[in-house]
Peer 1: 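Before I ask anything, let me first share the structure, which is written out below as structure tokens.
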Amino acid sequence: VSDAGRWAHVTAVFQEALERDETARGAYLDAACAGDGPLRAEVESLLAAHQAAGRFAEGSPLEALAPSASRRWASTRGFRPAAGLAHTRSPRCWARAGWARCIAHAMRRSTARWP
Amino acid sequence: VLDHTSPVSDLLRAWGQGDTQARDDLLPVVYAELRAQAVRYMRRERRDHTLQPTALVHEAYVRLIGQARVSWQNRAHFFGLAAEMMRRILVDHARKHQAAKRSGAAMRVAWDERVGATPPLDCELLLLDQALAELAARDPRQARVVELRYFGGLSEQEAAEVLTVSRTTVTRDWNVARAWLFRRMTLGITEVQGE
């Protein structure tokens, strides 16, 4: 399956799962992802991101320009540093260098870990 | 009968009829109009949390097209283009801001060395722009929905008109694109590779 075809499939299963309530979701995923562990993991990861996203990208992009936006963005969402961020000196590092820089740093690290 | 046209509505109409040169001619006009307004807003109301691109894009439409008669398809063309220009304006602005900050920030060298040689992205907006380019590589329409909704401030209905798809499709694209972008920006690449 091509990358685009794979992504279209992920998208479809994600959407179907999202439209079901929590109780029906597990059974749906059992059926839709039967024998395809990576598909299930990817869809569940996206569902978790959807849950955690809060009001991400729903405000004004003009606000996102403000230097304080990254910190506000993190704090309003109760953001907790992910694995790649654990070693950074938050919150002092956020205050000094800006939250987005820490994220960029973590992104580079995580890219290195998942080639 | 009054001739309800403006140079911009003429270009818009020509583009609607397949004249791609007309689109190229429109780009700088729309960019300049939106940018002038955006700069004015940003200077005056830096802390205004209600500042939305919707207002800028709709104002630009009124100023450039005025009372000219424009079909809804051409109107959709305009909003699609305006969203693209808004993204470019905001990204250009963020980059310039970042460059200015870096040139005057010698004291942060120690931090920069620890982080690595690549210039860090200081701004959520630049991270999003980059992530959006990655998303466009796998699904152009999903990325375009984010561009229209977030950068252009278009409603779901307006975005659906621009893309000539159903509103449900826009909602679905938006949901999955937002989840993917959020994950990309917070956790990096955690995607499970397909077989």
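What you see is a predicted model, and the numbers here were worked out from it, not measured in a lab.
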Peer 1: Using heavy-atom distances under 4.5 Å, tell me whether A/Leu47 contacts chain B through its side chain, its backbone, both, or neither.
Peer 2: neither
Peer 1: Closest heavy-atom contact between B/Ala179 and A/Ala49?
Peer 2: O-CB, 3.4 Å
Peer 1: Between A/Trp7 and B/Val176, is there a side-chain heavy-atom distance shorter than 4.5 Å?
Peer 2: yes
Peer 1: Please tell me if the side chains of A/Asp3 and B/Arg138 come closer than 4.5 Å, counting only heavy atoms from C-beta onward.
Peer 2: no
Peer 1: What residue in B/Arg149, B/Gln142, B/Arg87 has the most heavy-atom pairs under 4.5 Å with chain A?
Peer 2: B/Gln142
Peer 1: Are side-chain heavy atoms of B/Met86 and A/Pro61 found at a separation under 4.5 Å?
Peer 2: no
Peer 1: Of all the heavy-atom pairs spanning B/Leu128 and A/Phe56, show the shortest one and how long it is.
Peer 2: CD1-CZ, 4.1 Å
Peer 1: Nearest 0.5 Å, what's the CG-OG distance between B/Leu90 and A/Ser60?
Peer 2: 8.0 Å
Peer 1: Using the salt bridge (Lys or Arg N to Asp or Glu O under 4.0 Å) criterion, which residues pair with A/Asp21? Sequence neighbours excluded.
Peer 2: none
Peer 1: Pick one of side chain, backbone, both or neither for A/Gln51, based on which atoms fall under 4.5 Å of a heavy atom in chain B.
Peer 2: neither
Peer 1: Mind checking what makes ring pair (Phe, Tyr, Trp, His ring centres under 6.0 Å) contact with B/Tyr31, not counting sequence neighbours?
Peer 2: none
Peer 1: Can you give me the closest heavy-atom contact between B/Arg178 and A/His50, atom names plus distance?
Peer 2: NH2-O, 4.4 Å
